[in-house]
Trainee: 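Structure provided below as structure tokens; questions to follow.
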Amino acid sequence: MNVLDGAIDTTATTMVWAMSAIVKNPRVMQKLQNEIRSCVGRKARVDESDITKMTYLKMVVKESIRLYPHVSFLIGRECVSHCQIGGYDILPGTKIMINSWGIGRDPRTWKESPTEFRPERFENIQFDFGGNHFEMIPFGGGRRACPGYNLAISTIEFMIASLLYSFNWNTPDGAKNEDLDMQGAGNKSIRRAKPLCLVPSKYNWQD
Ligand code: HEM
């Protein structure tokens, strides 16, 4: 039950944030759709094997999770032996909360416009979600890191590729995509404050 709980809501919410970020940034959406449609070619659906060729898609997913990690505070830790972090003495028994949201937006690490959605920043950064790159740790790290991160990332990449291959997406009622509200709600886990409502229009791959 815990695995189901930890797997479904996290993946769905991360997916909603990723679609929000993509639609709000038409330049990114266009570039991503060009990549997806050229990798998939002329057929009705995306195959899993197409995803390996989509380098920009992987950057978009990383950038979206950097800015909008669903789990903003990791599972709390208790310090077992005296250590120093950033000049602070941490005594045994101290409860530690790790702010994954803040780490992903830290201007000391993410020097170029840290709060902007710019997937291209990952062109020059070696990064995977395994918990060994502490510049961002949306799946945690160490022994209690998320064991489902590979499944989560493959699911999200596949869903985004499929949604953007088959449809073009816009905000409803003629509103500008750029004006999409990105307000979050929650503290330990963050979801959209307002539900995401988008209008799909079918892309005809046979044209
Ligand atoms: C985007 C989707 C997901 C996100 C953002 C996410 C995030 C996390 C985070 C932050 C933790 C705590 C890590 C730590 O404190 O160091 C965690 C733990 C966990 N996750 Fe995920 N997760 C996702 C998907 C999944 C999936 C798909 C599964 C299973 C199929 C899963 C199973 C678990 C389990 C069992 C734990 C507890 C591990 C432990 O306490 O030893 N998660 N996840």
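Atoms within a ligand are numbered from 1 in the order they appear, just like the ligands themselves. Worth knowing before you read on, the calculation uses all heavy atoms, side chains too, and leaves out hydrogens, waters and symmetry mates.
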Trainee: Is the ring centre of Y149 less than 6.0 Å from the ring centre of F129?
Mentor: no
Trainee: Does A7 offer a backbone N or O that forms a donor-acceptor pair with the side chain of T10 under 3.5 Å?
Mentor: yes
Trainee: Can R77 be said to touch ligand 1, with heavy atoms closer than 4.0 Å?
Mentor: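 In this structure, R77 qualifies as a contact of ligand 1 - some heavy atom is under 4.0 Å.
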Trainee: What is the closest protein heavy atom to atom 10 (C) of ligand 1, and at what distance does it sit?
Mentor: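 Going atom by atom, the protein heavy atom closest to atom 10 (C) of ligand 1 ends up being P138 O, 3.3 Å.
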Trainee: Side chains of residues 90-97: which donor-acceptor partners sit under 3.5 Å, not counting sequence neighbours?
Mentor:
from	atom 1	to	atom 2	distance (Å)
T94	OG1	L91	N	3.3
T94	OG1	L91	O	2.5
K95	NZ	E78	OE1	3.3

Trainee: With heavy-atom distances below 4.0 Å as the criterion, list the atoms of ligand 1 near L74.
Mentor: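 Numbered from 1, ligand 1 contributes 10 (C), 15 (O).
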Trainee: Salt bridge check: are E157 and K58 linked by an N-O gap of less than 4.0 Å?
Mentor: yes
Trainee: Which residue and non-hydrogen atom of the protein lie closest to atom 13 (C) of ligand 1, and at what distance in Å?
Mentor: R144 O, 3.3 Å
Trainee: Tell me how many protein N, O or S atoms are closer than 2.8 Å to atom 21 (Fe) of ligand 1.
Mentor: 1
Trainee: With nothing but distance in play, are any N or O atoms of T11 less than 3.5 Å from an N or O of ligand 1?
Mentor: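 No, no N or O pair falls under 3.5 Å.
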Trainee: Between E112 and R121, is the closest basic N to carboxylate O distance under 4.0 Å?
Mentor: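 No.
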Trainee: Checking contacts here: is it the side chain or the backbone of P69 that comes within 4.0 Å of ligand 1, counting heavy atoms only? Could be both or neither.
Mentor: neither
Trainee: Do T13 and S189 have side chains that approach each other closer than 4.5 Å (heavy atoms only, starting at C-beta)?
Mentor: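 T13 does not reach S189 side chain to side chain.
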Trainee: For the residue pair I125 and W110, what are the closest heavy atoms and their distance?
Mentor: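 I125 and W110 have their closest heavy atoms at CD1-CZ3, 3.5 Å.
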Trainee: Do the side chain of R66 and the main chain of F117 share a donor and acceptor less than 3.5 angstrom apart?
Mentor: no
Trainee: Can you name the atoms of ligand 1, numbered from 1 with element, that are less than 4.0 Å from a heavy atom of G141?
Mentor: 16 (O)
Trainee: Please tell me if the side chains of E35 and K31 come closer than 4.5 Å, counting only heavy atoms from C-beta onward.
Mentor: no
Trainee: Tell me whether H70 has any N or O atom under 3.5 angstrom from an N or O of ligand 1.
Mentor: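 Such a contact does not occur with ligand 1.
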Trainee: Does NZ or CZ of R105 fall inside the cone over Y68's six-membered ring, less than 6.0 Å from its centre and within 45° of the axis?
Mentor: yes
Trainee: Taking all atoms of both residues into account, what is the closest heavy-atom pair of L198 and W169, and its distance?
Mentor: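 That would be CB-CE3, 3.8 Å.
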Trainee: Under 4.0 Å from any heavy atom of T14, which atoms of ligand 1 are there?
Mentor: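 Answer for ligand 1: 1 (C).
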Trainee: Going by the order shown, which atoms of ligand 1 are within less than 4.0 Å of some heavy atom of L151?
Mentor: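 What qualifies from ligand 1 is 30 (C).
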Trainee: Just to confirm my output: which protein heavy-atom neighbour is closest to atom 12 (C) of ligand 1, and how far is it?
Mentor: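 Scanning the protein heavy atoms, the shortest distance from atom 12 (C) of ligand 1 goes to I75 CD1, 3.7 Å.
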